[in-house]
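Presented below is the structure to which this report refers.
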Amino acid sequence: VQLQASGGGLVQAGDSLRLSCTASVNTFSSFDKAWFRQAPGKEREFVAAVSGIGTTYSDDSVKGRFTISRDKNMMFLQMNSLKPEDTAVYYCAARPYRSGTVYNTRGYIYWGQGTQVTVSS
């Protein structure tokens with residue numbers, strides 16, 4: 001399975017961006033899928049996830065601003081009201097559906113290459 005993330009860019013605080021993640025398999029909708037991000041000098045952190053059965057999760061830092069969704073072999077992250085602290089490289093990740101935590105990077109097998117999001121103040 002190959003994942004391709006896209007949609008990042010340079011925006012101002014308060015703006016919106018929509019990230020996309022395209023998978024190379026048609027069974028992607030049944031996978032657990034997630035977005036993580038990594039800022040310079042920091043560990044990769046959980047942003048949002050959608051399970052293989054459609055349950056969504058998001059970190060408290062993005063609740064009410066970011067929305068994760070899926071459609072066939074794609075996953076999206078709609079990011080509204082962006083803040084400078086959202087600046088990071090955003091990665092999409094996936095694994096075959098299973099029970100258990102969606103918040104840990106170690107649980108994911110497939111990773112996209114990352115897309116840079118920079119929010120200026």
Side-chain angles (χ1 to χ4, degrees):
V1 178
Q2 294 183 329
L3 304 179
Q4 178 76 34
S6 62
L10 171 62
V11 297
Q12 293 186 331
D15 285 350
S16 298
L17 277 176
R18 188 190 195 209
L19 304 185
S20 299
C21 179
T22 304
S24 61
V25 293
N26 292 328
T27 54
F28 192 54
S29 61
S30 67
F31 282 49
D32 292 337
K33 300 169 284 291
W35 289 97
F36 290 83
R37 65 187 180 186
Q38 188 166 19
K42 294 188 177 181
E43 293 188 353
R44 194 168 295 188
E45 64 178 13
F46 172 79
V47 177
V50 54
S51 76
I53 58 172
T55 306
T56 60
Y57 309 82
S58 60
D59 186 76
D60 286 344
S61 65
V62 305
K63 272 189 172 72
R65 301 189 298 122
F66 292 10
T67 303
I68 190 169
S69 62
R70 61 179 184 173
D71 184 20
K72 297 177 183 177
N73 70 325
M74 298 186 73
M75 174 177 65
F76 306 97
L77 186 67
Q78 178 66 44
M79 305 187 294
N80 298 328
S81 302
L82 282 161
K83 303 176 180 179
E85 51 263 44
D86 295 319
T87 295
V89 177
Y90 284 70
Y91 298 89
C92 57
R95 69 188 187 196
Y97 170 70
R98 63 175 176 87
S99 61
T101 180
V102 298
Y103 304 104
N104 195 318
T105 59
R106 289 194 297 272
Y108 292 88
I109 301 172
Y110 309 108
W111 289 85
Q113 84 288 3
T115 185
Q116 176 71 46
V117 172
T118 303
V119 185
S120 63
S121 57

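All figures in this text were calculated on a predicted structure; none of them were measured in a lab.
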For a quick test of reading the model, state the closest non-hydrogen atom pair linking Gln78 to Ser16 and the distance between them. NE2-CB, 3.9 Å
Stacked cation flag Arg18 on Phe76, 6.0 angstrom / 45 deg: yes
Excluding Phe31, membership of its hydrophobic cluster (Ile, Leu, Val, Met, Phe, Trp, Tyr; side-chain heavy atoms within less than 4.5 Å) reads Val1, Leu3, Val11, Leu17, Leu19, Val25, Phe28, Trp35, Val47, Val50, Val62, Phe66, Ile68, Met75, Leu77, Met79, Leu82, Tyr90, Ile109, Tyr110, Val117, Val119
Testing the basics here: between Arg37 and Ala88, what is the closest heavy-atom pair and its distance to 0.1 Å? CB-CB, 3.8 Å
Rounded to the nearest 0.5 Å, what separates atom CZ in Phe46 from atom CG in Asn104? 11.0 Å
Taking the side chain as C-beta and beyond, is there a heavy-atom pair between Lys83 and Arg65 under 4.5 Å? yes
Residues which pass ring-ring contact (aromatic ring centres under 6.0 Å, His included) with Tyr91, listed by chain and number, not counting sequence neighbours: none
Interatomic spacing from OG1 in Thr27 to NZ in Lys72 - rounded to 0.5 Å: 14.5 Å
Decide yes or no for Asp32 and Arg98: does some side-chain heavy atom of the first lie under 4.5 Å from some side-chain heavy atom of the second? yes
Assess whether side-chain contact (heavy atoms from CB on, under 4.5 Å) is satisfied between Met74 and Ser20, documenting all intermediate values. CA-CA 7 Å; Met74 298 186 73; Ser20 299; 4.0 Å; yes
Could you tell me whether a side-chain N or O of Ser24 sits under 3.5 Å from a main-chain N or O of Gln2, the two making a donor and an acceptor? yes
Between Gln116 and Thr118, is there a side-chain donor-acceptor contact under 3.5 Å, judged purely by atom types and distance? yes
Value rounded to 0.5 Å, distance of OH in Tyr103 from CG in Asp59: 9.0 Å
Would you check if the distance from the ring center of Tyr108 to the ring center of Phe36 is below 6.0 Å? yes
According to side-chain contact (heavy atoms from CB on, under 4.5 Å), who are the partners of Gln4, at least two apart in sequence or on a separate chain? Gln113
Salt bridge check: are Lys63 and Asp60 linked by an N-O gap of less than 4.0 Å? yes
Using side-chain heavy atoms (C-beta onward) and a distance below 4.5 Å, is Arg70 in contact with Thr56? no
Contact summary for Tyr97 and Gly52, nearest pair of heavy atoms: CD1-N, 3.6 Å
